[in-house]
*Asks:* 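Right, I'll just put the structure down here and ask away after.
Because only heavy atoms are used, hydrogens play no part in the values below, and waters and symmetry mates are left out as well, while side chains stay in. Everything numeric here is computed off the predicted structure, so don't read it as measured data. Residue numbers run from 1 in the order of the sequence given.
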Amino acid sequence: MRLIFGLAAVAALGGVASAQTFTGTGSGARAFEQLDDKLPTPNVFRAATGEPGPAYWQQQADYVIDVSLDEDRKRITGSETILYTNNSPHTLRYLWVQLDQNRFAVGSLARMSETSATSGSRRSGGSSSDRLAYGTLARQNALKDGDHGFKIEAVLDRRGRELDHTIVDTHMRIDLPEPLRSGDTFELDIDWTFNIIDESVVGGRGGYECFPTGEAPDNQDKDCIYFLAQWFPRMTAFSDYEGWHNKAFLGRGEFTLEFGNYDVSITVPADHIVASTGELQNPNDVLTAEQRDRLEDAKDSSNPIFIVTPEEAAENEKEGTDNRRTWRFKADNVRDFAWSSSRKFIWDAQGFEQEWENAEYQSVMAMSFYPNEAEPIWSKYSTESVIHTMEVYSKFSFPYPYPTAISVNAWERGGMEYPMITFNGYRPNTEDAPDGEITYSRGIKYGLIGVIIHEIGHIYFPMTVNSDERQWTWMDEGLNTFLEYVAELEWEEKYPAFGGEVNLLDYITGYMTSTNQVPIMTQSDSILQFGPNAYSKPAASLVVLRETVLGRELFDAAFREYSRRWAFKRPTPADFFRSMEETSGVDLDWFFRGWYYTTDHVDIAIADIREYRISTQDPDIESEFEREEHSETHPEPLAVKRNREEGIRTRLQRRRNQLSDFYTEQDRFEPTNKDRNDYKKFLEGLDTAERAIFDRAQEEDPFVYFMDFRNVGGLVMPIPLLITYEGGEEEFMMIPAEIWRRDAEGVTKLFITDKAIASVQIDPYHEIADADKNNNSFPRKVTRSRFDLYRSSGSSNNQMADALVELDEGEKGEAAEGEDVPLTDEPREEDQPAATENEEDAGDGEDEAEENDDEGASDDEDR
């Protein structure tokens, strides 16, 4: 799933987090303690190496489904046959089925547990203050007026007998007539219906979006895009580490499912075009001969080819029909199934030839479906982005595993993923330019490219590497955001990936220093600041792991091995941690412990540098150094200087003959014969090896430095250090994180150089997400910036002046999206005393989830 958030949202999250996990005596030992206390014990199902164990198993669920779209009633009617295979070593006496549409039903756990801040926002944003937005009220009205959730019509065994079943919120338990033993199968039929949500109002992972229709903008029922996800009862996952995964669906923690084979027949109005998981089985029944020819030509084309042209789509919208048509799709070894249908669809396609010999599908059809409202940006970038994603992701994991990869324009912004098909946002607009010209912002362009990369990338993670996002969101969102970032930088070097900027590690520091945090390992529904926690921070951690801690060679090999091991299987965090460590050959427990189990941030400071030279211990040589050093560190008192300037002569000067003695004529640094004898004894006391070391030190005369580093943020990390010598020569070195293993709060590092150091700088290339650059340099650097001259301003409530304002042309009562409904718990206005003049409005700021189109494309926040 793709999320949207702007940099301003992160910056407003609160003050600097001060909690540090690895502090006090033993801090280093705790920071580098092995993760055994956090990870489950390896067993025959999951090995200590991070790979599936010799007895690994997972269930299988195969589906044959017939589904019909009732466009007039916005309703789905379906029936399915499920063949469930028990590959576990357990005997099962009941089965659990997911009913995710029940999230929208009256009295559901999701709806009843909403807070005021989340009850109305379709993107899970919201304000903690007392406010009611028009969008919030519209959502509440839609849920109130509609009858949502699955209506289960029948649950039967293969002989047509009723099966006892109990619905528990978003799950249904089906009691088996007899136990299902290991290795056996069970077949059941389920009939159901549900009303499709208006996604543009209610918000969800599927639904419909309707468009104004020419001269009758209020008549939208026939001009819609339908995108159906979580639309059929699906078998709940059953695993070795949790048993039945029957945690209720609350809207955020997405899913983990069983793989299976699908045969799905989709009946829609005859003028609709359908995009779906799987391969189309009956093109002769649903496509014209010309469309079939175009589709065949697209396989070998070097550019996308229109299967349905923009002109044909526009004509298709005008016609309308009462006829029906059934599209049939098959998909093998997928963990879910989604589809989209509309008469508005333009359809383009291009074949993608995979270069990897072990690819099951050497040729993959990359396709895009979108309305004319999405042009011209979709035909230019969508299919191109699909192909680019497969090119990059396959280098880091495995060849794309399916015959098709589809991008559908389903909503305003954001995205959602399913096997072989993704629903993506972003369209141009006619509002910004004069005369209604179609334009798009920089943010819309990169938002579209980024969301498609992100959602197609999800076909690798978690649609193939089947992680459990209901528990660990970061395992697919974080890993996928990392690879998305890699792909974006391979799309364009200056790709504005995060907050309009290129470097993710500069972007994430705002979140990592905020107070309102929980660790990455927090269960999905309880995460605070969902986008940064589940997407950006784990992605940033992997950038650091790849570019700085391990290096590309070790990281890339380990990540490919993890992906290969767990393709079409269900990994846990322990499997990822262990696999990365085992394959790279590097102990990474300290890294995963700090980044994933704490809320510490990176802030390494250089506190002090002290320079020394090795003494000769020869008093005739050292006395001069001592005299010079004392002169530098103990300048002449100001009183002595001013006495001299005033012509005051000391008593010693006036009566030297009477007062002079040994100490008057010889300063304190003058060596004595005893000093010389001691030096001789020192040399004679050195053994042969020590004398050789001493003589070499005298010959080379190196500079000796002691540098004090402080771990201000608490998160132990390597120290990238740039040393600049007098004369301008530079040397870069990477001090490993293990330097903190005895003391995670502060360490002193010894440097012996043959040149004098002029300055040092920590993290010069911004590669460890260091949050405070002001303490990274020694000597300290002057921070340069610019600011505008301040000019005070104020506003007043001048009712007399306001009464003279002419009424704007247009419909009364029309409110912009996001505006608040007027609320009051006070008496009527006429009963109130007049407001104080110059009283300022105190309106709330934008929701954190609102997107800034002028920012970059990889900004993530909840849909």
*Asks:* Could you note down all residue pairs passing salt bridge (Lys or Arg N to Asp or Glu O under 4.0 Å) where residues 393-402 supplies at least one of them, sequence neighbours left out?
*Replies:* Lys395-Glu490
*Asks:* Phe559 and ring pair (Phe, Tyr, Trp, His ring centres under 6.0 Å): which single residue from Phe461, Phe396, Tyr393 fits?
*Replies:* Phe461
*Asks:* Does Glu317 have any side chain to side chain contact (heavy atoms under 4.5 Å, CB included) partners at least two apart in sequence or in another chain, and if so, which?
*Replies:* Asp223, Lys344, Asn372
*Asks:* Write down the atom of Val502, the atom of Glu493, and the distance for their closest heavy-atom approach.
*Replies:* CG1-O, 3.9 Å
*Asks:* Identify the two heavy atoms, one from Pro399 and one from Ala359, that lie closest to each other, and give their separation to 0.1 Å.
*Replies:* CB-CB, 3.6 Å
*Asks:* Determine the sole option in Glu254, Glu417, Glu199 for which the side chain to side chain donor-acceptor pair (under 3.5 Å) test with Arg205 is passed.
*Replies:* Glu254
*Asks:* Going from SG on Cys224 to CZ on Phe211, what distance comes out if it is rounded to the nearest 0.5 angstrom?
*Replies:* 8.5 Å
*Asks:* State whether the number of non-hydrogen atoms from other residues, nucleotides or ligands found under 6.0 Å of Glu437 atom CD is greater than 12.
*Replies:* yes
*Asks:* Does some side-chain heavy atom of Trp356 sit less than 4.5 Å from a side-chain heavy atom of Ser394?
*Replies:* yes
*Asks:* Using ring pair (Phe, Tyr, Trp, His ring centres under 6.0 Å), reason through Phe482 and Phe555 one step at a time and then give a plain yes or no.
*Replies:* CA-CA 13 Å; Phe482 160 70; Phe555 178 92; 5.4 Å; yes
*Asks:* Taking atom CD1 of Ile197 and atom CD of Gln101, what is their separation to the nearest 0.5 Å?
*Replies:* 6.5 Å
*Asks:* Run the side chain to side chain donor-acceptor pair (under 3.5 Å) test on Ser514 and Asn516 for me, step by step, so that the C-alpha distance in whole Å, both residues' side-chain angles and the decisive distance to 0.1 Å come before the verdict.
*Replies:* CA-CA 6 Å; Ser514 66; Asn516 192 25; over 6 Å; no
*Asks:* Rounded to the nearest 0.5 Å, how far apart are CD of Glu71 and CG of Asp271?
*Replies:* 7.0 Å
*Asks:* Would the distance check show the side chain of Asn466 and the main-chain N or O of Leu257 forming a donor-acceptor pair, the cut-off being under 3.5 Å?
*Replies:* yes
*Asks:* Return yes if some donor-acceptor pair links the side-chain N/O of Ser541 with the main-chain N/O of Pro538 below 3.5 Å, else return no.
*Replies:* yes
*Asks:* Just by modelled atom types, is the Ile459 backbone N or O under 3.5 Å from a matching donor or acceptor in the Thr464 side chain?
*Replies:* yes
*Asks:* With sequence neighbours excluded, tell me which residues meet ring-ring contact (aromatic ring centres under 6.0 Å, His included) with Phe398.
*Replies:* Tyr460
*Asks:* Tell me whether the rings of Tyr370 and Trp378 are parallel (<30°), tilted (30 to 60°) or perpendicular (>60°).
*Replies:* tilted
*Asks:* Do the non-hydrogen side-chain atoms of Phe369 and Ile225 ever get within less than 4.5 Å of each other?
*Replies:* no
*Asks:* Please check if the distance between the ring centroids of Tyr426 and Tyr440 is under 6.0 Å.
*Replies:* no
*Asks:* Which residues pass the side chain to side chain contact (heavy atoms under 4.5 Å, CB included) test with Glu296, sequence neighbours left out?
*Replies:* Lys299
*Asks:* Does Trp472 offer a backbone N or O that forms a donor-acceptor pair with the side chain of Ser524 under 3.5 Å?
*Replies:* no
*Asks:* Work out which heavy atom in Leu505 is nearest to a heavy atom in Thr509; give both atom names and the distance.
*Replies:* O-CG2, 3.4 Å
*Asks:* Taking the inter-plane angle between the rings of His148 and Phe104 on a 0 to 90° scale, is it parallel (under 30°), tilted (30 to 60°) or perpendicular (over 60°)?
*Replies:* perpendicular
*Asks:* Write down the atom of Pro419, the atom of Thr277, and the distance for their closest heavy-atom approach.
*Replies:* O-OG1, 2.8 Å
*Asks:* Once salt bridge (Lys or Arg N to Asp or Glu O under 4.0 Å) is applied, do any residues pair with Glu315, and if so which ones, sequence neighbours excluded?
*Replies:* Lys318
*Asks:* What's the shortest heavy-atom distance between Trp327 and Leu287, and which atoms?
*Replies:* CH2-CD2, 3.8 Å
*Asks:* Can a donor-acceptor pair be found, under 3.5 Å and without considering hydrogens, that links the side chain of His388 to the backbone of Ile453?
*Replies:* no
*Asks:* For the pair Tyr485 (side chain) and Leu504 (backbone), establish whether a donor and an acceptor sit closer than 3.5 Å, ignoring hydrogens and angles.
*Replies:* yes
*Asks:* Atom CH2 in Trp595, atom CG in Leu542: separation rounded to 0.5 Å?
*Replies:* 9.5 Å
*Asks:* Verify, without hydrogens or angle tests, whether Ser301 (side chain) and Asp297 (backbone) share a donor-acceptor contact under 3.5 angstrom.
*Replies:* no
*Asks:* If we check side chain to side chain contact (heavy atoms under 4.5 Å, CB included) with Tyr226, which of these qualifies: Ile76, Ile196, Val274, Val268?
*Replies:* Ile196
*Asks:* Does NZ or CZ of Lys74 lie under 6.0 Å from the centre of the six-membered ring of Tyr208, at an angle within 45° of the ring axis?
*Replies:* yes
*Asks:* When you measure from the side chain of Trp231 to the backbone N and O of Phe337, does any donor-acceptor pair fall under 3.5 Å?
*Replies:* yes
*Asks:* Using 30° and 60° as the class boundaries, would you call the ring planes of His458 and His454 parallel, tilted or perpendicular?
*Replies:* perpendicular
*Asks:* What residues form a side chain to side chain contact (heavy atoms under 4.5 Å, CB included) with Ser363, not counting sequence neighbours?
*Replies:* Glu353
*Asks:* Not counting sequence neighbours, which residues clear side chain to side chain contact (heavy atoms under 4.5 Å, CB included) with Pro304? List them please.
*Replies:* Asp348, Gln350, Thr383
*Asks:* State whether the number of non-hydrogen atoms from other residues, nucleotides or ligands found under 6.0 Å of Glu384 atom CD is greater than 12.
*Replies:* no
*Asks:* For Asp100, check salt bridge (Lys or Arg N to Asp or Glu O under 4.0 Å) against everything at least two apart and list the hits.
*Replies:* Arg234
*Asks:* Out of Arg427, Glu373, Glu209, which residue meets the side chain to side chain donor-acceptor pair (under 3.5 Å) rule with Asn409?
*Replies:* Arg427
*Asks:* May I ask you to check whether Trp339 and Phe329 place their ring centres under 6.0 Å from each other?
*Replies:* no
*Asks:* I'd like to know if the side chain of Arg470 reaches the main chain of Gly253, judged simply by a donor and an acceptor atom lying under 3.5 Å from each other, with no hydrogens or angles considered.
*Replies:* yes
*Asks:* If you take all heavy atoms of Gly203 and Arg103, which pair is closest and at what distance?
*Replies:* O-NH2, 4.3 Å
*Asks:* What pairs with Asp332 under side chain to side chain donor-acceptor pair (under 3.5 Å), at least two apart in sequence or on another chain?
*Replies:* none
*Asks:* Would the Tyr400 and Tyr361 ring centres measure less than 6.0 Å apart?
*Replies:* no
*Asks:* Find the distance between CG (Leu489) and NZ (Lys494) and round it off to the nearest 0.5 Å.
*Replies:* 13.0 Å
*Asks:* Mind checking ring-ring contact (aromatic ring centres under 6.0 Å, His included) for Tyr418 and listing every partner two or more places apart, or none if nothing turns up?
*Replies:* Phe423
*Asks:* For Phe259, check ring-ring contact (aromatic ring centres under 6.0 Å, His included) against everything at least two apart and list the hits.
*Replies:* Phe568
*Asks:* If only atom types and distance count, is the side chain of Gln517 paired as donor or acceptor with the main-chain N or O of Met512 below 3.5 Å?
*Replies:* yes
*Asks:* Enumerate, atom names and distances included, each donor-acceptor pair closer than 3.5 Å involving a side-chain atom of residues 307-314, sequence neighbours excluded.
*Replies:*
| from | atom 1 | to | atom 2 | distance (Å) |
| --- | --- | --- | --- | --- |
| Thr309 | OG1 | Glu311 | OE1 | 3.4 |
| Thr309 | OG1 | Glu312 | N | 3.0 |
| Thr309 | OG1 | Glu312 | OE1 | 3.4 |
| Glu312 | OE1 | Arg294 | NH1 | 2.9 |
| Glu312 | OE1 | Thr309 | N | 3.0 |
| Glu312 | OE2 | Arg294 | NH1 | 3.3 |
| Glu312 | OE2 | Arg294 | NH2 | 3.0 |

